[in-house]
Amino acid sequence: MQSLWTLLNDPNMQWIFISCTLLGLSSGIIGCFSYLRKQSLMGDTLAHAALPGICIAFMLTGTKSLLIFLIGAAIAGVIATFGIGFVTRHSRIKHDAAMGIVLSGFFGLGIVLLTVIQHGSYGNQAGLDKFLFGQAAAMIGSDVLTMSIVSVLLIAVCFLLFKQFKLISFDPGFARGIGYPVAFLEQLLMLLMVVSVVVGIQAVGVVLVAALLITPAVSARYWTHRLGAMVILSGLFGAISGAAGTLISSTAANLPTGPLTVLAATALFFLSILFGPQKGLLAKQFIRLRVKRKLEQSQIRGNVKARVAAAETEKGAAL
Amino acid sequence: MTVFWILLTGSLVASCCGILGAFLVLRKMAMIGDAISHSVMPGIVIAFLLSGSRDSMLMLFAAMICGLLAVFLIQTFQQSGIQSDASIGVVFTALFALGVLLVSLFARQVHLDQDAILYGEIAYVHWNVWEVNGVNLGPKAVWLLGVTFIVIVAVIGLFYKQFKHLRFRSGAGRRVRHTGRTLSLLADGSRVYGDCQFIRKRRGHSCCRLAYYPGGHCLSAHRSVRPYDCAQCVSGHFQHFPGVRRGGRS
């Protein structure tokens with residue numbers, strides 16, 4: 001515990017800790033909406049699609065600043081969403097296959113561009129491939145500042161547009177009927193997803209950043225049936241896993257932050273699946289056991305009423 | 001001859017993926033291929049740590065077990081009420097994170113770096129040949145992939161009708177439920193087996209995508225399944241050739 005406090009007193013560590021926690025919080029919140037709209041793997045697609053955007057942004061400017069990468073990746077992500085929409089609309093290919101095609105096409109392009117950059121005559125290309133797996137420790141002050149501001153903005157937008165997002169998550173037809181700009185809101189939600197993915201890439205990496213969107217939301221779903229509580233819980237789970245990942249990885253050498261964050265989120269997921277109050281495995285077993293005992297008791301007592309009722313329902317079922 | 005072996009390896013990978021990909025795309029399970037290709041990573045790393053070599057049967061088995069584990073977990077979570085794509089996302093990210101963690105903990109200084117698994121490289125297959133009593137029989141990779149290809153073609157050919165039923169009319173498929181269940185297990189098995197082979201040869205990421213890439217291409221062009229399979233093989237091959245010219249990395 002003592003060493004943990006000394007670690008947290010290190011200013012560099014503080015920055016990374018805060019930004020990872022904020023990152024987990026914001027992507028957990030946005031992940032809820034994408035889970036409810038059945039678009040969980042969209043985060044994965046957008047993360048992969050961001051790679052060529054990052055590469056092109058680097059090739060055009062020659063600098064490695066998070067803000068420029070953010071813009072490039074956001075443009076690539078928006079093109080990817082339009083690409084998926086285009087493929088599903090104009091062919092017989094289903095949504096998931098379209099996602100696969102766009103994902104692999106963009107990621108392949110990204111890898112080719114990375115190779116081109118690696119063999120090119122750029123001055124400071126070293127470390128660009130760190131985006132594949134992420135390296136939280138390599139973040140500098142300005143990156144951390146950008147990340148924190150963007151995360152806070154994301155949370156603020158979700159808070160302000162909570163009602164609208166709730167409606168388009170559950171009943172887009174009704175939202176359209178009462179005059180909400182549904183197409184705009186859907187695109188906005190997609191854009192928020194792109195931004196949260198891109199912000200997370202440097203800390204967690206292209207391949208794993210989708211987990212920050214999916215896993216906390218799925219875990220939160222096990223604890224509550226109300227959207228508000230689910231969003232808060234999901235943000236909390238994301239924040240806890242971000243914080244835990246940073247802390248654990250700082251305790252020893254060779255422990256990467258990104259995978260540890262994802263594994264912490266997965267551990268929370270397993271806890272939820274076991275101990276969730278109504279849908280959890282233990283709760284289900286408990287309910288089953290209680291019903292079984294009740295039935296046995298009524299049989300032992302020879303409760304005629306129950307038997308007659310059971311026989312009648314059986315007859316009804318047979319008819 | 002060198003170019004021939006490389007092209008043959010790539011083509012075999014592409015056709016194995018393409019044949020299985022047809023069924024995946026039709027069953028709306030395209031992202032499962034992606035999930036398996038990520039999930040085998042811890043298996044590969046553990047097998048490497050146990051055996052110390054990159055070319056062992058142990059690696060194949062470990063990767064297969066991990067792939068099957070991923071499929072099993074995804075289906076379990078689906079049945080317990082989680083959306084299918086969310087359960088895919090949870091499972092493959094967790095297993096992949098485990099793999100990356102293991103690599104950076106134990107295998108940092110050795111041959112098996114993250115790039116080798118992520119990109120894959122088939123430009124050197126002709127150097128790793130299979131010799132019996134001093135007779136050169138050609139690259140090992142081609143033999144392994146050839147066997148995989150024959151297994152896949154045989155399984156699909158033997159159970160073609162059943163697979164078709166399973167894919168198009170789940171109602172009719174449900175009537176023969178017991179065979180249906182074995183079949184889907186068989187399909188998963190062969191898919192995982194195929195995937196593992198491709199990972200060995202072209203190490204993962206972009207390659208396993210071949211499985212549904214050609215599948216998606218052909219869906220709009222062909223109506224019946226049989227020409228669809230063949231066309232898919234062809235398109236898989238064409239996709240591969242520019243990659244070889246670019247220096248083996250496609």
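In what follows, chains carry the letters A, B, and so on, assigned in the order in which the sequence lines appear, proteins first and then strands, with residues in each chain numbered from 1.
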Distance (rounded to the nearest 0.5 Å) between A:R221 CZ and B:I82 CD1: 10.5 Å
With a 4.5 Å cut-off on heavy-atom pairs, point out which of B:A86, B:G89, B:G99 contacts chain A the most. B:A86
To check you understand the geometry: which heavy-atom pair defines the closest contact between B:A94 and A:L263, and what is its length? O-CD2, 3.7 Å
Measure distances from A:I273 to the heavy atoms of chain B and classify the residue's part below 4.5 Å as side chain, backbone, both or neither. side chain
When the 4.5 angstrom heavy-atom criterion is applied to B:S84 and chain A, the contacting part is neither
Can you find a heavy atom in the side chain of B:L98 that is under 4.5 Å from one in the side chain of A:P259? no
Do you know which of B:L101, B:I88, B:D85 has the most heavy-atom pairs with chain A at a distance under 4.5 angstrom? B:D85
With sequence neighbours left out, what residues match A:S40 under side chain to side chain donor-acceptor pair (under 3.5 Å)? none
Any pair counted as ring-ring contact (aromatic ring centres under 6.0 Å, His included), so long as it reaches residues 238-279 of chain A, sequence neighbours left out: A:F269-B:F77
Interatomic spacing from CD in B:Q83 to CD in A:Q39 - rounded to 0.5 Å: 10.0 Å
For a 4.5 angstrom cut-off between non-hydrogen side-chain atoms, does A:I214 reach B:F92? no
